Amino acid sequence: MDQQAKEALGDWLTDQKEESIIDAFVDGNAAHVIKSQTGVSTAAHPNKYITNSEANDAALAAGDELDTDELRRMYAWARTNNINPLRADGVEGYVLLAPVFAINDLHEDAVYRSSFENAAPRSESNTLFGRADHKYEGIYIHEYNRIRQPSAGANAASVHYCMLLGASALVFGNAGKPRLVRRKEDEYEDRYGVGIKLVFGC
């Protein structure tokens, strides 16, 4: 039972960590920190950029989609705001985590399609066919399904956030290693429970 609990709780904790990272990116802190009694509340992201320079999320409508113009604006915006790109193995660039619908819009862009028709192999290995992750205008684009949406406002159901990441995008801290703990509420040993314990923050 301990081994089964270890595997299941390990998967659960990995999932919670990923959600906490996204929470911190959008709200300034992980959800469990905001919900605790520390007095920390959600905070608007200091580097929020809205497509086509719209005033706010509620102003987004048809035509405000991810396309090549927007990718170029993202890159220029990140550079002019001194957001350092990621560097790995001698290569540098930004990482864009985009929802499925935004990737669909991007693939509809004629300039984007033309670029890959002319620059990528004319075969099944072309990233457009495999819908694979690829680089464009200094940005590595990844399809990512755990994207937040506005909670309210006009067209909220059709609006999705993208996450453009540079160096030092987030700080993640662990206070020790995760460990299994026995549940004490065992009803005089009629029940057996195992939990996982970890203190962390983003």
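Everything numeric here is computed off the predicted structure, so don't read it as measured data.
- The shortest distance between side-chain heavy atoms of Phe172 and Ile21 falls below 4.5 Å.
- For Tyr94 and Asn84, the side-chain atoms include no donor-acceptor pair closer than 3.5 Å.
- Using a 4.5 Å heavy-atom cutoff, the side chains of Arg72 and Thr68 are in contact.
- In Lys135, the NZ atom is crowded: over 12 heavy atoms of neighbouring residues, nucleotides or ligands sit closer than 6.0 Å.
- Asn47 has its side chain within reach of Ile83: a pair of non-hydrogen atoms, C-beta onward, lies under 4.5 Å apart.
- Considering all non-hydrogen atoms of both residues, Gly166 and Leu86 come closest at O-CD2, 3.6 Å.
- Minimum interatomic distance between Pro85 and Arg79 (heavy atoms only, all atoms of both residues): CD-NH1, 3.5 Å.
- Remark: the backbone N or O of Gly176 is not paired with any side-chain donor or acceptor of Asn174 at under 3.5 angstrom.
- Taking a 6.0 Å sphere around CZ of Arg87, one finds it holds more than 12 heavy atoms contributed by other residues, nucleotides or ligands.
- Taking hydrophobic clusters as Ile, Leu, Val, Met, Phe, Trp and Tyr residues chained together by side-chain heavy-atom distances below 4.5 Å, Tyr192 does not share a cluster with Val181.
- Evaluated for a side chain to side chain contact (heavy atoms under 4.5 Å, CB included) with Leu66, the options Leu71, Ile141, Asn104, Asp109 yield exactly one hit, Leu71.
- Of the inter-residue distances, the one linking Ile147 atom CD1 with Met163 atom CE reads 5.5 Å to the nearest 0.5 angstrom.
- Judged by distance alone, the side chains of Asp57 and Tyr161 do bring a donor and an acceptor atom under 3.5 Å apart.
- With Ser20 contributing its side chain and Gln16 its backbone, the two residues share a donor-acceptor pair below 3.5 Å.
- Around atom CG of Asp190, more than 12 heavy atoms belonging to other residues, nucleotides or ligands sit under 6.0 Å away.
- Proximity of Arg73 to Tyr75: side-chain heavy atoms (C-beta onward) are nowhere separated by under 4.5 Å.
- Inter-residue side-chain proximity for Leu96 and Met74 is flagged as met; some heavy-atom pair is nearer than 4.5 Å.
- Taking every heavy atom of both residues into account, Pro99 and His160 meet most closely at CG-CB, 3.5 Å.
- Rounding to the nearest 0.5 Å places CG of Leu13 at 5.5 Å from CG of Leu198.
- Here the CD1 atom belonging to Ile22 is positioned 5.0 Å from the CD atom belonging to Glu19, to the nearest 0.5 angstrom.
- Of the possible polar contacts, none joining the Arg191 side chain to the Glu185 backbone as a donor-acceptor pair under 3.5 Å is found.
- Proximity of Asp23 to Arg148: side-chain heavy atoms (C-beta onward) are separated by under 4.5 Å at one or more points.
- One hydrophobic cluster holds both Val111 and Ile139 under the rule that ILVMFWY side chains link at heavy-atom gaps under 4.5 Å.
- To the nearest 0.5 angstrom, His107 atom NE2 is 13.0 Å from Asp67 atom CG.
- At a threshold of 4.5 Å between side-chain heavy atoms, the hydrophobic network of Ile, Leu, Val, Met, Phe, Trp and Tyr places Leu164 and Val26 in two separate groups.
- Annotation: side chain of Val159 is not in contact with side chain of Phe101 (no heavy-atom distance under 4.5 Å).
- Formation of a donor-acceptor pair under 3.5 Å by the Glu143 side chain with backbone atoms of Ile103 is not found in this model.
- One finds the CZ atom of Arg146 at 12.0 Å from the CG atom of Leu97 (value rounded to the nearest 0.5 Å).
- Contact annotation: the side chain of His142 approaches that of Val95 to within less than 4.5 Å [non-hydrogen atoms, C-beta and beyond].
- Between the side chain of Asn52 and the backbone N or O of Glu54, no donor-acceptor pair lies under 3.5 Å.
- Side chain to side chain, Tyr49 and Glu70 meet the donor-acceptor criterion of an N or O pair below 3.5 Å.
- In this structure, the separation between NZ on Lys48 and CG on Asn56 is 8.0 Å, given to the nearest 0.5 Å.
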